[in-house]
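Excluded from the calculations below are hydrogen atoms, water molecules and symmetry mates; all remaining heavy atoms, backbone and side chain alike, are included. Every chain is numbered from 1, with letters handed out A, B, ... down the list of sequences. It should be emphasised that the depicted structure is a prediction, and the values quoted were computed from it without experimental measurement.
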There are 2 protein chains.
Amino acid sequence: MATIKDVARAAGLSTATVSRVLNDHPSVTAATRAAVQDAIQRLDYHPNSAARTLRSADVSTLGLVVGDVVNPFFSELARAVENEARAHGYYVVIGNADEDPDRQDEYLSILLDRRVAGLLLCPTAEVSPLVADVVRGGRPVVFVDREIDGLDVPVVRSDSRLPVTALVDHLVRLGHRDPAIISGPTGLSTGRERLAAFRDALATHGIGLPESRVRVGDFQMDSGVAAMRSLLDQPEPPTAVFAADNLMALGALRCVHERGLRLGTDIALASFDDLPWFEYVEPPITAIRQQTERIGRTAVRELVALLDGRPARSHALPCTLVTRASCGEPVPGGEG
Amino acid sequence: MATIKDVARAAGLSTATVSRVLNDHPSVTAATRAAVQDAIQRLDYHPNSAARTLRSADVSTLGLVVGDVVNPFFSELARAVENEARAHGYYVVIGNADEDPDRQDEYLSILLDRRVAGLLLCPTAEVSPLVADVVRGGRPVVFVDREIDGLDVPVVRSDSRLPVTALVDHLVRLGHRDPAIISGPTGLSTGRERLAAFRDALATHGIGLPESRVRVGDFQMDSGVAAMRSLLDQPEPPTAVFAADNLMALGALRCVHERGLRLGTDIALASFDDLPWFEYVEPPITAIRQQTERIGRTAVRELVALLDGRPARSHALPCTLVTRASCGEPVPGGEG
DNA sequence: AAGATCGATGTAAACGATTCCACGCAATCC
DNA sequence: GGATTGCGTGGAATCGTTTACATCGATCTT
């Protein structure tokens, strides 16, 4: 493959001049420029970008490590991140942790190795020496969706307490006296928070949350199926179930269908994370809607602030409870 | 940012030795190795991959450019690609074209700049000088899902003809005499093929496909809404609609709900791409199921073959028609 | 016990681009 | 008309790594 030296030789010029032509440097004669262009054409020369980025660091790419690409929340997040990043002149390359802390660390390494300008991370584990190192190393990092105790990193996420409280009120109003939860991993801040919010909200109604009403999944679909089965297999199954993310809600739904139960009458189901198709299931599924797009955009803005040397701050964005019919009572005009 | 020199100095060794540790060279004492590891930890050192690939090309990372991360087909594909790649010792970084040819080219450039070992690409446009250059430049590339006429690149995709024919037979059997299609872009091989297969299959039943029965979307949700509206706004709307991908099917579904129509009785709907939740909509949605996981895994295997200097071949994997009730007739035991 | 062998480490030359600095030359100034 | 300015270009250092070759003890051979 032709190098800049070959071009220089072919054009009878120095590599410095060729480089100037390549980078649109003003002080090059039109004639010289043409000669270089010609040599480039003839030799089918393509600059080696490894050499290029070695010399002058790449500042155009951001890294995004998501919890699980298959999770629509994260893919929508990825799209939002990308759109906002492009508006600021950055590209985004994505690594998929698949909810596996080891994979997360690997992609973290790869992206750092590749010298991305900054990192957006949805941490998949509470403790990761690598993450801690990266943060302490002073690299520009923003956490998205999840935070890690003890690490002073800007976090952009949803505030789960209010909407979960609203959901519990909704459930209790419909007569559910012993709702269950399919929680996310308690090792993740989102898992913990949603569970705690659920428990606390029930407590205000004088309702406890015994172990028989809690199952812990991993935010992926299969764990939702298993959790729902386990809940329904009890002597006194719950009348309502709150799945802490959309994939586990889908899994729960699969189980409900397996058993031939009717949603909303035999068993109530609600989900953290709203999805377009929740509206089209019969009956439509009540869900807590996150401002996914806004989360992504805000996170990018904070990261860009960091990159520009400005201070960044954390955000807990509000959610809305979208009440539909899956918890028992058809709510007219439920959207909103 | 720490360099190999800093590590060498901190460990009281030469850069050569540090490099040997980094690359698992056998002839390094355990003690020396430990000292280097320690220094690496302390300094939070990450090798500069630009320098590394400048000296000797990086062989551990594959690049994947998907059509649209938000499309569940592509996110499932991404997961499969990643799992298979890891089994072969590769990592995968993802770029999202968002169905935009310019973005595709940008990510292609970025990934090539970063000197990934090989590329998996879901081309978003028929003509792209960059893609052509890359292919002609002899870089290891495998196309996934879509192909480009005139480029001799291994392609791993679904064979759409058989299942689309089966779908049309199904529709005709249920009495639909003028089905419509929400096609993908005709600039994409998948768009063209599915449309052609639909038209040809109808022809064998003596049914034509006039312009009033064809709408062209972009494989994204909004275009499905618009296309469905346009189809239904006609004086004589079709009784059945085939959406050429899952996102446009979701869009069509939104339109059906907007209008207060009942799926299966007022209007039939079928989709290319099956999704778990299609089963839980009322009535469940008939769909053509691709072997997404197998497509991803096969594509990686072919790319790995290329990287190992072995020949690679193309694959057209079979799909299955999963008949459910959305086209009018509840089919008992419809799964399969 | 002296030379051959071997294993661990260091030295320094690449890789291909960018860019600071210096140089020569023409045009301009006083 | 000699000094100054400015412009186009070239020389060479530099980015951070890998790796061929050199070095240097220690061990082995006979």
Side-chain angles (χ1 to χ4, degrees), chain A residues 1-40 43-61 109-117 137 139, chain B residues 1-40 42-61 109-110 112-117 137 139:
Chain A
M1 204 178 245
T3 75
I4 199 171
K5 280 186 200 157
D6 301 323
V7 175
R9 198 175 316 119
L13 292 161
S14 72
T15 63
T17 303
V18 175
S19 175
R20 287 192 190 98
V21 171
L22 290 173
N23 296 286
D24 291 323
H25 194 90
S27 75
V28 182
T29 317
T32 308
R33 185 176 301 274
V36 170
Q37 302 282 21
D38 183 60
I40 287 176
L43 299 179
D44 186 30
Y45 165 76
H46 291 273
N48 179 327
S49 30
R52 191 172 252 184
T53 57
L54 174 60
R55 193 51 225 270
S56 34
D58 176 27
V59 289
S60 71
T61 311
S109 292
I110 288 179
L111 294 177
L112 289 175
D113 289 359
R114 308 242 155 187
R115 290 293 190 277
V116 291
R139 284 218 182 67
Chain B
M1 203 175 257
T3 75
I4 200 173
K5 280 187 198 156
D6 301 323
V7 175
R9 197 176 317 119
L13 292 161
S14 72
T15 62
T17 304
V18 175
S19 175
R20 282 191 263 265
V21 171
L22 291 173
N23 296 287
D24 290 323
H25 192 91
S27 76
V28 182
T29 317
T32 307
R33 185 176 302 272
V36 170
Q37 302 283 21
D38 184 60
I40 287 176
R42 285 207 315 277
L43 300 178
D44 184 30
Y45 165 75
H46 289 269
N48 181 325
S49 69
R52 182 173 265 183
T53 58
L54 176 59
R55 196 57 172 55
S56 46
D58 176 29
V59 290
S60 70
T61 311
S109 295
I110 289 180
L112 288 176
D113 287 3
R114 305 292 169 113
R115 288 290 194 275
V116 291
R139 277 179 199 282

Can you tell me which nucleotide in [options] comes closest to the side chain of [X]?
X     : options                : result
B:K5  : C:dT18, D:dT17, D:dG11 : D:dT17
A:I4  : C:dG10, C:dA17, D:dG16 : C:dA17
A:V28 : C:dA17, D:dT9, C:dT18  : D:dT9

Using only side-chain N and O atoms of [X], determine if any of them is under 4.0 Å from OP1 or OP2 of [N].
X     : N      : result
B:T3  : D:dG16 : no
A:R52 : C:dT18 : yes
B:T17 : C:dG10 : yes
B:T29 : C:dT9  : yes
A:N48 : C:dC15 : no
A:T53 : C:dA17 : no

Contact nearer the 5' end of DNA chain C, comparing B:R55 with B:R20:
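Result: B:R20.
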
Closest-nucleotide 5' rank along DNA chain D - winner of A:S27 and A:A16:
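Of the two residues, A:S27 wins.
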
What is the distance, to the nearest angstrom, from the [atom1] atom on [X] to the [atom2] atom on [N]?
X     : N      : atom1 : atom2 : value
B:L54 : D:dT19 : CG    : P     : 12 Å
B:L43 : D:dG16 : CG    : C1'   : 15 Å
A:N23 : C:dA17 : CG    : C1'   : 9 Å

How far apart are the closest heavy atoms of A:R139 and B:D44, and which atoms are they?
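Taking every non-hydrogen atom into account, NH1-OD2, 3.2 Å.
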
Minimum-distance pair of heavy atoms, taken over all atoms of A:L54 and B:A51:
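Nearest heavy atoms, A:L54 then B:A51: CD1-CB, 3.5 Å.
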
Sub-3.5 Å donor-acceptor pair from the side chain of B:N23 to the main-chain atoms of B:H25, do we have one?
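Checking the backbone N and O of B:H25 against the side chain of B:N23, no donor-acceptor pair under 3.5 Å is found.
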
Keeping the roles fixed (side chain from A:T29, backbone from A:A31), state whether a donor-acceptor pair exists under 3.5 Å.
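A pair under 3.5 Å: no.
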
Relative orientation of the end axes in the helix from C:dA1-D:dT30 to C:dC30-D:dG1, expressed as an angle to the nearest 10° (five pairs per end)
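About 50° separates the two local helix axes.
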
With A:R20, which of A:V36, A:V28, A:T15 fulfils side-chain contact (heavy atoms from CB on, under 4.5 Å)?
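That would be A:V28.
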
Interatomic spacing from CD1 in A:I4 to NE2 in A:H46 - rounded to 0.5 Å
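One finds 14.0 Å between CD1 of A:I4 and NE2 of A:H46.
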
Give, for atom CG of B:N48 and atom CZ of B:R55, the distance between the pair rounded to the nearest 0.5 Å.
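Going from the CG atom of B:N48 to the CZ atom of B:R55 covers 14.5 Å.
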
Looking at every strand, decide which applies to A:V18 at a 4.0 Å heavy-atom threshold: base, sugar-phosphate, or nothing.
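The residue A:V18 makes no contact with any strand.
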
